[in-house]
Structures are given as structure tokens and as C-alpha cells.
Amino acid sequence: MRKILCVLSALCWLSVPALSQSYPDRPITMIVPYAAGGPTDTVARIVSEKMGRELGQRVIVENVAGAGGTLGSARAARSEPNGYTLLLNHIGMSTAPTLYPGSTDPLTAFEFIGLVADVPMTIVARRSFPSNTLQELVEYAVKQGDKVSYAHAGAGTASHICGMLFAAETGAQPLTIPYKGTGPAMIDLLGGQVDFMCDQTTNTTNQIQAGEIRAYAVTAAHRIPALPNVPSVNEAGLGKMELSIWHGIYTPKGTPQEVRRRLTSALQAALADTAVLERFRQLSALAVSREEATPEGLKSKLTAETARWKKVLAVETQK
Ligand code: ASP
């Protein structure tokens, strides 16, 4: 169809490069497929601000939440491939093909801009939760069964797969409560309406430091500087729960190469910015290297992770 239109219009030979040269001449939307105020939203807001300054146009975050991030991803995939709609999503891009058959295939529906950051997770509970250590939490959760509630952001999200690993390692079967993101889940955890969750440090660090919630472990090999009193899952005897949440930026398939190149270089500039790095450091997010903040870096991560989670989820969903 496009070819036919091009034959009819001599101008079409000029239009793509011309478009790319003036890009961007209006604000850009960055879709975050989870609720506002949550961990992915936080990463997006930190990066988008600096990317916008680099590009000379605002990058506005839009939260399109639901169905474990697949609604927002589908919206992004369907939008015009002109560089004015981006998607920032995390590890959920690699679990979705297994858990939501027939949903947008991330490997074929998008162009890749680059990886962004890796973020560890924390096992946390409401302040009045009656366990002092991870061991006590495990014992309590196993004993209480579905009288204990676990919040997550929908099937395939970081909080969901972390809870799944927790259940696999400990045998606990808490009542699971899905939210449209861990932003709203955190509000309920703070309010004591839900008992515990496993969530990224980008959403839990401030509340842990303020003593508003309890923290039992961080899903990293070692303790992390921002939370020196929180043991690693290794130390606490749950080493198989080591989990780091990677993030990437995508555009719809067909976005012109020159536009993608500009976006990748804006991302790389954001990840070299001292203010961005300082915000990341405070929340224990680790910016990726310049080599990983590339289309190839993101594509190879997504390919490997999609294969990895297909295997893990095949086992876990059979149980
Ligand atoms: N990324 C989700 C959010 O931003 C949380 C999750 O994946 O667990 O709310």
C-alpha cells in the first residue's frame, strides 16, 4: 500500500528524510504501562526529563495501565511509527509472550532504542507485620496460608514474578492481590490493607528509609548501599530469588532510522547526566553502560530474557 501511494506521489521520496530532519518539532509521549507513582513511572520520569532537554522537546509520560503492562505496550505498538510515541517498559516485555498468548509480540512489533537501567527488588511488608526477619516472614506466611495477602502489579510484572519465586522457594501460598501497578499497591501497604509484596527499590527505598514499611531482604547478591541494614536474599538463604529488573525504551515498528538514532543518543546523554545518575543512585537503580543503551543491547537482552522466562514460567504455571 505504501509503495502504491509512493508511486502516485513524487513527494513521498522526500517525505521520510524531511520528517526525520525536523524531528522532533512537538512534544513526545512516553507510555508507561503501569499506574502513576510506581517504580517504572519513576524511572521514566527521571530519564524522560533529560531526554526531552536533549531533544529540544518535552517528553511527556503517559500511564496506560492494565493487564500486566500489555495494554500500554499494545497501545504503543499501534501508534504512528514517527518517533512521537515511545514505550518504556521493563522485564514484563519478556514474560508477556508466555503469559498473554496472542498479545503484542515485543520482538516483532517494536524498534529498539536501548536499555536504560537495572533495579533490584525488596521484600517488604506493612509496618505492623508481625515478623522481624525473612525467616520469620517465611514461617508466618507458610503457616497462615491465604490469610496473608501479597500485592503485585499483574501477571508477568516484576512484583508478580518475584512473588512467584518466593512461593516456589518457600512453599508459601499467600492470597495474591493484583493492582494496576505497585504505586497503588504501595498506598495499600502503607495503609495496612495488604500484608506484603516484593517491589523494586525505585518504589520502596524512601518508605524503608523513613521506617514506614518493614524490609526483609533485597533480591541482590550483596547488600546495597542505600539500605545497609537489609540483608541480601543470598545471606537470608533464598539465593534463587536473586532478581534484577531491566528496563528498555521502544518505538513502534517502522519508525525511521534517523529518528531512532536521535532517540538512542538522547537516551545515552540522559544516562551520562550527573543529576540523572544521582537520582538513580538514591533509588539503587544502576544505569546501563553506553554499549547497552543501544538498539542491539536491548534486542539481545529481550531475546535472551524471553527464552529464559518462557522456560521458568512453563514450570511455574504447571504447578
Ligand atoms: N512495573 C510495575 C509498576 O511500575 C511494578 C511491577 O512490575 O511489579 O507499577
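Every number for a ligand or one of its atoms is a count from 1 in the order of the listing. As a basis for the values below, the full set of heavy atoms in this structure was taken, side chains included, without hydrogen atoms, waters or symmetry mates.
No side-chain heavy atom of Lys50 sits under 4.5 Å from any side-chain heavy atom of Arg279. Residues Met186 and Met197 meet the side-chain proximity criterion, which asks for heavy atoms closer than 4.5 Å.
Within the structure, disulfide (SG to SG under 2.5 Å) pairs that include any residue of residues 70-126 do not occur (at least two apart or interchain). Counting only residues at least two apart or on different chains, the disulfide (SG to SG under 2.5 Å) pairs with a member in residues 151-258 are Cys162-Cys198.
With side-chain heavy atoms closer than 4.5 Å counting as contact, directly or through intermediates, the hydrophobic cluster containing Val32 also holds Tyr34, Val61.
The CD1 atom of Ile28 sits 11.5 Å away from the CZ atom of Arg58 when rounded to the nearest 0.5 Å.
Protein residues having at least one heavy atom under 4.0 Å from any atom of ligand 1 are Tyr34, Pro39, Thr40, His90, Ala153, Thr157, Ala158, Ser159, Gly181, Thr182, Gln200, listed by chain and number.
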